[in-house]
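Structure, as C-alpha cells:
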Amino acid sequence: MNSYNPQEIERKWRKIWEENKTFQVDLKHAKNPYYNLMMFPYPSAEGLHVGNVYAFTGSDIYGRFRRMQGNDVFEPMGFDAFGIHSENFAIKKGIHPKILIKKNTDNFREQLKNLGCLFDWEHEVDTTRPEYYKWTQWLFLQLYKAGLAYRKKAPVDWCPSCKTVLADEQVISGQCERCDSEVIQKETEQWFFKITEYAEKLLKNLNTIDWSERTKITQKNWIGRSEGVNLKEKVKGLNIEFEVFDTVPQTFLAQTFTVIAPEHPLVKELVKNTKYEKPVMEFIEKIKRKRIEAPNEIEKDIEGIFIGRYIDNPFGTGDLPIWLASYVIAGYGTGIVNCSAHDERDFAFAKKYNIPLKLAMLPSDKELSEKVKNFETCYHHAPEGIIQEPIEMRGMTWEKARGPIIEHIEKKGFGKRGVNYHLRDWLISRQRYWGPPIPIIYCAKCGVVPVPEKDLPVLLPDVENFKPKDTGESPLALVSSFVKTKCPQCGGPARRETDVSDTFLDSSWYFFRYPSSDFKNKPFDENITKEWLPVDMYIGGQEHAVLHLLYTRFITMALKDSGFIDFEEPFKKFRAHGLLTKGGAKMSKSKGNVVNPDDYFKRFGADTLRMYLMFIGPFEAGGDWQDRGIIGISRFLEKVWALQRKPKTEIETPKIENLLHKTIKKVDQDLENLQYNTAISALMILVNALAEIPQLSVKTYKTLLLLLAPFAPHIAEELWRYLEPGSKQSIHDQKWPEYDSELIKEDTITLIVQVNGKVRDTLEVKAGISESEAKELTLSQKKVKNYILNKEIKKIIFIRNKLINIVV
RNA sequence: GGGCGAGUGGUGGAAUGGUUUACACGUAAGUUUCAAAAACUUAUGAGCGCAAGCUCAUGUGGGUUCGACUCCCACCUCGCCCACCA
C-alpha cells in the first residue's frame, strides 16, 4: 500500500461522503436527536480565521463522538453575514457588500467543507437572504405585539466612525466594539427591546442550565443585580418628590447632599425661573458638549454645580443641597444619588466644592479614626467599621448593621427595599445600510404602524451609496422609493422607518431556523422544533457572554411568553472554548501574528490540522500556536498509517489488551469533558506501543481507528476500508468502542516506598498486597534499611496499591 | 477600582493529597545516506559526583499533613473580561 497522502484521501472521502449523504440526518424521523451547534461565523474577511477552525473542530469532534454513541447528530452551519462587521469590511475594500459578502461567504463555505465536519449544508442559513430576514422582521413584530419593542428618545451611545448608535453591550470601556473609536453621547429617537423585563429570569435561570461557569458568572455580573433601598426625598419648597436608590443604606444618616445627572429631565423644572436657571443650563450644555468632544475628560475631571434647591430633610439635621455632577449617569437607578462621606467619589466631590460632610461610622483603629474624623481620608467599604448613627444601632459593625438599618428605614417610612440592575434595554436601531430594515411605518394620522406580516419581507433596497451618513440617518433615508409608502391602516401617505436592526438580532434566533430552514411559510416548524430544540450542545467564544448569549436567552423567553414554544432556555449545555494565541499574544493583524489556516491545511491536510489544534492545550483553556509543533501530529498519523503494514494476528497479548482498554476509557472520558489534548496524548501512547510489537491484531487496530475517527475522520475512514475491503460501511457509522473493566485491572503495581515522606525506592508487587506483607517486604529492602538504621520506627502509613511511608 | 483565570523543564503542556515534568516540540549524539532531507535509536529539570548515588526544584513567604504543584493564609507577576453602576 502507498504512502500516506492526506490531500488525496481527504478529497476522495469528502466527495464520497457528500455523494452518499453520509452525515445527513432525517430531521423528521430521527430516533435519537442531538442538536450540536457551534457559533456561526461572520464573513467579515476573505477567509476563515484559525480561531474559527479551532472552535469548529472542537465542536465537531464532540458531535462525531455523540454520533458514534448512537445519536442522530444535526450539525448545521451558516453565515452571520449581515451587520456592521461585514459592512465595515466592504467599506474598507470599497466594494458593495452585496457583492463582497457573497464572495466571502462562498469562500468561507469552500473552506468549511474542507475541514471534514459533519455540516449539513442542506440546512445552511444566511442572515442576509430575504427568506431569512423576513423572519427576523417577523420576530421584531412579535416583540412589538408583546409590548417588548418600544421607541424612545434618549441619550444613547454613538460611534462617530461607524456613524451609528450602539447597544450598551457594544461599548467597551467607552469605545466602539467594532472600531475602537471613542463613543460619544447623542440624543435621538431609537428602538429598544425591553430585555430588562427579563432581568430576574435571565439571572435565576442561570442556576438551571449546564453552561461554562465563567460564562454564567460574566452574565451574572452583566445583569448586575444589586439590592438596596429606594429612599423617598422631597424638594424643599416645591411639590416635587423623587426616589433615590442606595445600595449602602448604612450611610443614609451620613448624607449631606444629593447629586443629579445633568441629563436628568427633572433638572429643568427644579431651576425654572430662578437665578440658577441660566448657569445650570449652561453647565448642562457644557457637559453635553464634553460628552461629544472629550468623553474621556469627564472621567478625569469631575465637575458639578449647585442648583439652588434643597432636600427637605426628614431627619431634621439640616437642609441637604442638591447639585448636578458629571459623574452621575442618567440611566442607572433613578439618576439621582445620595451622597455621604463614606463614598470615595462623593468624598472627592464634596472636598472640591467645600460641601460639608458627616460620618455614620468610624474605624476601631484610633489613628485611622482621627484621620477619618478630620476628613483627611475617606472611610468606605469597611465591614468592620463601627456604626455611630442611628443611635439605636450604635456600636454594631457596618456589616451587621445593614439589615437592622434597612428595617429602621422602612419602619420610619423613609423608603423601601428595592432592587436595581446594571442591565439596560437593548438598543436595536442602527443607522446603517447592511441589515434588515425595521418593519415599521410612520403615518401622520395613525402614528406608528407595524408592517403587516403578509407584507414581509421589507426588502433592503439596492443602494449605490451604502456608506453611513454623518446626519444620524441611515443611507436608506435617501431612497425615496423606499421611504415613501402607504399607511397599512388608513391607506394615506406614510414613510418607512429607515434604520435597520442590530446584527445581534439576526443571530438571536438562527438556531431556530436551521432545522426548519426548508419551511417557506413559517420561521420554524412546531413539530421539528419540538423534536430538536432546545439545542443540546452549544460551543463558542466567551466573548459573546454578554452579547449574543444574553440576547438569545431573552428572545427565547419572549417567544415562550408569546406562546410560540414551550421552553425558555435555548441551550441546554454551553461550553466556552479558550483563546488561541500566538507567541503568548492574542492574534491580530496589527501584531502580525495571525495564523492562516489555509497554509497548514494545504501542507498537512485537515486531519493533521484538526488534531494539532486540539493537542495545543485544553480546549476550554485555549493554547499557544507554535508552527513547529504541528509536525508531531503529522508523525503520529504517519505512524498510524504504518501500522497497517504490520503482520496481523488473531490473538492479542494481554499487555496490549490492557493498554487498549485503558486507552478506550481515557479517550471516552476526555471526549465527554472536551479534554482533547489528553485524549490525543493517550492515543499517542497506544500507537507508540503498537509500533513496537511484532504483530498486531485486526481487532486492536480497528478499535484504535474508531477512537481516532472523531479527531481525524479522513484517515480513519481510509484505513477502516482497508481492513474491510469492499465494505460499504463507513467507520463513522460504527459503534463507539466500550472498555472492559476486567481487562483494565493490573496484576502488579508499583509500590512507592517513602521514608519520612521522601521517595527512596519503588517495588513491583502483586496488586492488592496486604499491609503486613508490604511492611515485611519493604523493611527487608537494603535501601530502606540504610535509612532506618539505628532509628526508631514511629509510624507506618500504608495506602493500598499505591504507597508505603515509614516515619522514623 | 471590580470580576474571572493562570504561574510547573529550552517551548506547548501533563499530574488536583501519594514516583513532579505524561504526551509533543526543540536540542545533542548515533544509525542510515555520496550528501542532505526524512526516518529510526539513545539522552535530555538543575547542581555535586568516576560511580552507586545525594541535594535542590512546580511565582514568593508562611501554615495544615506521615506526605503539598494540589488544601489554607498573606504577597508578587501575568492574561482575559468589565468599569464613573450610587
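Excluded from the calculations below are hydrogen atoms, water molecules and symmetry mates; all remaining heavy atoms, backbone and side chain alike, are included. Worth saying up front: this structure is predicted, and the values here are computed from it rather than measured. Convention: sequence-line order gives letters A, B, ...; per-chain numbering from 1.
Not counting sequence neighbours, A/F636 has no partner by the ring-ring contact (aromatic ring centres under 6.0 Å, His included) test. With sequence neighbours excluded, no residue forms a ring-ring contact (aromatic ring centres under 6.0 Å, His included) with A/Y421.
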Got a list of protein N/O to nucleotides 39-47 of chain B N/O distances below 3.5 Å?
residue: B/rA39; atom: OP1; partner: A/R635; partner atom: NE; Å: 3.0

Detail all sub-3.5 Å separations between protein N/O atoms and N/O atoms belonging to nucleotides 3-9 of chain B.
residue: B/rG3; atom: O2'; partner: A/N221; partner atom: ND2; Å: 3.0

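Comparing B/rA86, B/rC81, B/rU19 by their closest approach to the side chain of A/Y332 singles out B/rA86. Distance from the side chain of A/I685 is smallest for B/rC23 among the nucleotides B/rG10, B/rA86, B/rC23. Distance from the side chain of A/M684 is smallest to B/rA24 among B/rG10, B/rA24, B/rC84.
Within 4.0 Å (heavy atoms only), A/K794 reaches no atom of the nucleic acid at all. Using a 4.0 Å heavy-atom criterion, one finds that A/G541 contacts no nucleic acid atom at all. Nucleic acid contact class of A/T750 (heavy atoms, under 4.0 Å, all strands): base. Using a 4.0 Å heavy-atom distance criterion, A/D346 is classed as making no nucleic acid contact. When heavy atoms are screened at a 4.0 angstrom cut-off, A/W222 is found touching the sugar-phosphate backbone but no base atom. In this structure, A/I752 reaches the bases: a heavy-atom distance under 4.0 Å links it to at least one base atom across the strands shown. Residue A/V259 is classed as having no contact, given no heavy-atom separation below 4.0 Å to the nucleic acid. Within the 4.0 angstrom heavy-atom criterion, only backbone atoms of the sugar-phosphate kind lie near A/N688; the bases stay farther away.
Side-chain N/O atoms of A/D624 and A/T581 include a donor and acceptor closer than 3.5 Å. Looking at A/Q542 and A/S212, their side chains never bring a donor and an acceptor atom within 3.5 Å of each other. A donor atom on one side chain and an acceptor atom on the other are not found under 3.5 Å apart for A/R760 and A/Q781. Residues A/N338 and A/E233 have side chains that bring a donor and an acceptor to within less than 3.5 angstrom of each other. Residues A/K586 and A/N593 have side chains that never bring a donor and an acceptor to within less than 3.5 angstrom of each other. Between the side chains of A/D346 and A/Y327, a donor-acceptor pair is found at a separation under 3.5 Å. A donor atom on one side chain and an acceptor atom on the other are found under 3.5 Å apart for A/S226 and A/Y332.
The cationic atom of A/R553 (NZ for Lys, CZ for Arg) lies less than 6.0 Å from the six-membered ring centre of A/W211 and within 45° of the ring axis.
Ring planes of A/Y353 and A/F349: tilted class, angle from 30 to 60°. Note: A/F619 and A/H577 have tilted aromatic rings, judged against thresholds of 30 and 60 degrees for the angle between ring planes. A tilted orientation is assigned to the rings of A/F414 and A/F252, their planes being inclined by 30° to 60°.
Taking 4.0 Å as the cut-off between side-chain N and carboxylate O, A/E303 and A/K352 do not count as a salt-bridged pair.
Remark: A/K220 is not in phosphate contact with B/rC81, judged by side-chain N or O atoms under 4.0 Å from OP1 or OP2. Residue A/R345 has a polar side-chain atom (N or O) positioned under 4.0 Å from OP1 or OP2 of B/rC85.
Contacts between residues 801-808 of chain A and RNA chain B, defined by a heavy-atom separation below 4.0 Å, involve A/K802, A/L803, A/N805, A/V807, listed by number.
Projected onto RNA chain B by closest heavy-atom contact, A/R424 and A/K758 fall at different nucleotides, the more 5' of which corresponds to A/K758. Both A/E543 and A/I302 lie near RNA chain B, and the one whose nearest nucleotide falls closer to the 5' end is A/E543.
Side-chain N/O atoms of A/Q754 and base N/O atoms of B/rG18 include a donor-acceptor pair closer than 3.5 Å.
Contact between A/V229 and A/P249 at its shortest, heavy atoms only, is CG2-CB, 3.8 Å.
For RNA chain B, the stems formed by at least three consecutive Watson-Crick or G-U pairs, with both atom-pair distances below 3.5 Å, span B:1-7 with B:76-82, B:10-12 with B:23-25, B:26-31 with B:39-44, B:45-48 with B:53-56, B:59-63 with B:71-75.
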